[in-house]
2 protein chains.
Amino acid sequence: MTSANILLVEDEPAIQELLAFNVAQCGYRAIQAFDVASAQTEINRALPDLILLDWMLPGVSGVEFAQRLRADSRTRDIPIIMLTARTDERDKIQGLEAGADDYITKPFSPRELMARIRAVLRRRAPQMTDDLVCAEGIELSPTTHRVSAKGMSIELGPTEFRLLHFFMTHAERVYSRTQLLDQVWGDHVFVEERTIDVHIRRLRQALEPSSTDNLIQTVRGSGYRFSKE
Amino acid sequence: MTSANILLVEDEPAIQELLAFNVAQCGYRAIQAFDVASAQTEINRALPDLILLDWMLPGVSGVEFAQRLRADSRTRDIPIIMLTARTDERDKIQGLEAGADDYITKPFSPRELMARIRAVLRRRAPQMTDDLVCAEGIELSPTTHRVSAKGMSIELGPTEFRLLHFFMTHAERVYSRTQLLDQVWGDHVFVEERTIDVHIRRLRQALEPSSTDNLIQTVRGSGYRFSKE
DNA sequence: AAGAATTGTGACAGACGCGTGACAGTCAGT
DNA sequence: ACTGACTGTCACGCGTCTGTCACAATTCTT
C-alpha cells in the first residue's frame, strides 16, 4: 500500500517525464507507457493501482481506452485520472462518464496532481466494489447513471446527478456554496454562487414526488445539508 | 484566516495597481514588490499566505525566483500563482515545474484572478476534522450545524449559533459585551453593546425547554458566563 | 427607601438571505 | 436549421433574522 504502482499513459515525452518525476518524488512507482498498446501490455503484465490517462493519444483515444478498461472485469476497479489540455466542461462530463475517477486539466501544478492521486487512492480503499450508493431511501448508481427512490425512477440532468451524488456520499454535513462549487463543479469553473440555489431547487423538485420532504435542508447563512431532517 | 496576506511581484506599475486594487477589494492585504529583491525583503519580514508572481521581471526572472522559493524550507509551502502574457504551452509546463500552483495569462479578468486566488487559498486551508462540541449536556456540531440537548433538537439562527458555539468552547469564564462583539461578531463591525443582551435572551429562550435553567449567567457590571450554575 | 445603574423584555423596521419563475445561450440529436 | 434538453443568470417577492429602541424589572448605592 505504501508504494502504489501508477501507470502513466501519455504520449508527449516532456509531460511524461514531468509526471514520472513527480510520481516518483511522492514514493510511488511510475510505469511509463506512450500509447494505448504499450499501456495494455503493462496492464497484462501486472495490474497497476492507478492509471493516469492522457485525453489525447495517438490512435485510440484516452476515452475509448477508459471505456475498454471499464468493460474488462480485471481492470474495472482500477481508478483512472484523466489528463487533458482542454478546459471544456463537456469534456469533463464525458471523461467522467467514461469511467474516470477524477479529472485534471493541463496545465496542472505538481502538488495538485499529487493531491488528487492521494485522494483517489484513499477514496478507493473503502469504496471498492461499491457500485450502488444508498442514502435516505435513495439509490444512485454512478456507473449506470440511474437514480431511484421508493421503486420509482428519477430523472436527473448531469449537474443534478453529480450534485445528488456528492450529497449522498457526504450526508449530514453542511456545505457552503463555495465548497459545493469546488466539489461538484470544479475549482477552475467560474459560476455565480446563486446558481447553486437554482440547481438545489431543481434537485428538490425532481426528488419531491418520490421521497420524504426536506431531504436537502437549507442552513441559513451557511449552505445546504443532505440528511433525513 | 479572514484576511490573508498576498505578495504581489510585478514590475509594471499599472498592472501592479490593478492587482492591488482587486486584491484589496476582496478583503486581502496586498503587499507590493516591483522586483525580486524587494519581494525577498518582504518575505524575510513576514511570510505571505500567497504569492502572485509575474513571469517577466527585470533581472531575475519569475521562474528562477519560484525555484528559489521552492528550495527554501521556509517558503516551500507558500502557494504561487504565475502571471504571464505568453500563451506558449511550454512556458506553462516550465512554470508549473518551477512549483507554481496555478497559472494565469494576461489579459485576465479580475473575477478570474480572484477565483483562482480563492481556489488556491482554499486548497491550502487545512481540512477541519473538528466535529462535536459538548458542554453542559448540550451537543453542538460545527460541521453539520446542528444543536441538541437531552435528545431534543434545538433550532438557532446564525448569530445565536455562533454565540452558543463560542460560549461552549469558552465555558466558565466571564466575557464582557465588548469581548463578545469582537469574538462572535468580529472586531470590524459596529453594533450597540446592548444588542448582545437581546441575543442572549433569544439564546436563553431557545435553550430553555430542553435544558437546565440558567446556563448563561449574567455577571452584573461585567458581562455573561456560560457554565452549570 | 429612594434614586441610580444595570439588565430583561417586547415590539418593530429594515436588511438580508433564500425560493422561485422566467429567459437566453449552448449543445446534441433529428 | 429546427427542435428539445440542459445550464447559468437575473429580477422579484417573501420570510426570517437582526439591530435598535422604549420601557419594565432588577440590583446596587446612598
Side-chain angles (χ1 to χ4, degrees), chain A residues 63 86-98 145 147 154-166 174-178 180-182 184-186 188-208 213-225, chain B residues 109 111-112 115 145 147 154-166 174-182 184-186 188-208 213-226:
Chain A
V63 184
R86 310 193 199 173
T87 55
D88 196 332
E89 177 70 9
R90 278 176 308 143
D91 289 355
K92 176 170 186 176
I93 295 173
Q94 207 178 336
L96 291 173
E97 233 166 352
H145 227 266
V147 186
I154 296 176
E155 299 301 320
L156 293 179
T159 306
E160 279 77 35
F161 183 87
R162 276 178 296 149
L163 185 55
L164 178 61
H165 185 36
F166 176 78
V174 176
Y175 288 93
S176 70
R177 292 173 173 74
T178 308
L180 288 173
L181 278 184
D182 277 2
V184 180
W185 273 256
H188 55 291
V189 177
F190 314 121
V191 174
E192 285 294 323
E193 293 202 339
R194 289 299 308 275
T195 299
I196 290 192
D197 298 30
V198 181
H199 282 277
I200 291 281
R201 178 184 167 281
R202 288 168 182 159
L203 186 51
R204 279 172 172 161
Q205 203 163 301
L207 295 178
E208 192 206 343
D213 226 327
N214 219 17
L215 257 182
I216 301 173
Q217 295 144 27
T218 305
V219 181
R220 192 185 171 87
S222 297
Y224 295 96
R225 169 181 54 202
Chain B
S109 78
R111 189 178 169 205
E112 183 182 2
H145 221 272
V147 186
I154 297 175
E155 300 300 321
L156 294 178
T159 306
E160 278 79 35
F161 185 87
R162 274 177 301 153
L163 186 56
L164 178 60
H165 185 33
F166 175 78
V174 179
Y175 287 92
S176 71
R177 292 175 173 74
T178 308
Q179 288 176 307
L180 288 173
L181 276 185
D182 282 358
V184 180
W185 272 256
H188 57 292
V189 277
F190 169 71
V191 284
E192 287 293 324
E193 292 202 340
R194 290 301 309 276
T195 299
I196 290 193
D197 297 30
V198 181
H199 281 277
I200 292 281
R201 178 186 164 280
R202 286 168 181 158
L203 186 50
R204 280 171 171 161
Q205 202 164 299
L207 296 179
E208 192 207 343
D213 237 339
N214 219 17
L215 259 181
I216 301 173
Q217 296 144 25
T218 306
V219 181
R220 192 184 172 84
S222 299
Y224 296 95
R225 169 182 52 201
F226 179 88

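Naming: A, B, ... by sequence-line order, numbering from 1 per chain. All values below come from the heavy atoms of this structure, side chains included, with hydrogens, waters and symmetry mates left out. None of these values were measured; they are calculated from a predicted model.
Both A:Arg194 and B:Arg162 lie near DNA chain D, and the one whose nearest nucleotide falls closer to the 5' end is A:Arg194.
Distances from the side chain of A:Glu192 to the nucleotides D:dT9, C:dG19, C:dG17 place D:dT9 closest. Checking D:dT18, C:dT7, D:dC21 against every side-chain atom of B:Asp197, the shortest atom distance belongs to C:dT7. Comparing D:dT9, D:dC6, C:dT9 by their closest approach to the side chain of B:Val198 singles out C:dT9. Of all nucleotides listed (C:dG17, D:dT7, C:dT20), C:dT20 comes nearest to the side chain of A:Arg201.
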- request: Determine, stepwise, if the pair B:Leu207 / B:Leu164 fulfils side-chain contact (heavy atoms from CB on, under 4.5 Å).
  value: CA-CA 10 Å; B:Leu207 296 179; B:Leu164 178 60; 4.3 Å; yes
field: CA sep, side-chain torsions, deciding dist, call: B:Phe226, B:Tyr175, ring pair (Phe, Tyr, Trp, His ring centres under 6.0 Å)
entry: CA-CA 9 Å; B:Phe226 179 88; B:Tyr175 287 92; over 10 Å; no
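For the pair B:Leu203 CG and C:dT9 C1', the computed distance is 16 Å after rounding to whole Å. Separating the CG atom of A:Leu156 from the P atom of D:dC6 is a distance of 9 Å, rounded to the nearest angstrom. Look at CD on B:Glu155: it is 19 Å from P on D:dG15, rounded to the nearest Å. Taking atom NE2 of residue A:His199 and atom C1' of nucleotide C:dT20, one finds them 14 Å apart after rounding to whole Å. Between the CZ atom of A:Arg202 and the P atom of C:dG21 there is a distance of 12 Å, rounded to whole Å. Here C:dG8 presents its P atom at 8 Å from CD1 of B:Ile200, a figure rounded to the nearest Å. When the P atom of D:dG19 is taken as reference, atom CD of B:Glu193 falls 14 Å away, rounded to whole Å. In this structure, B:Ile196 places its CD1 atom 16 Å from P of C:dT6, rounding to the nearest Å.
A:Arg204 contributes no side-chain N or O that, together with a main-chain N or O of A:Asn214, makes up a donor-acceptor pair within less than 3.5 Å.
Between A:Thr218 and C:dC18 there is no side-chain polar atom (N or O) within less than 4.0 angstrom of OP1 or OP2. Distances shorter than 4.0 Å separate none of the side-chain N or O atoms of A:Trp185 from OP1 or OP2 on D:dT7. Applying the 4.0 Å criterion to OP1 and OP2 of C:dT9, one finds that B:Arg204 has every side-chain N and O outside that range. A sub-4.0 Å separation between OP1 or OP2 of C:dG19 and a side-chain N or O of A:Tyr224 is present.
Counting non-hydrogen atoms under 4.0 angstrom, B:Thr159 reaches the backbone sugars and phosphates but no base.
Using the six-membered ring where Trp is involved, B:Trp185 and B:His199 have ring planes that are perpendicular, over 60° apart on the 30 and 60° scheme.
Counting distance only, with no hydrogens placed and no angle test, the side-chain atoms of B:Arg220 and the base atoms of C:dT7 include no donor-acceptor pair under 3.5 Å.
In this structure, A:Gly223 and A:Arg177 approach most closely via the heavy-atom pair CA-NH1, 4.3 Å.
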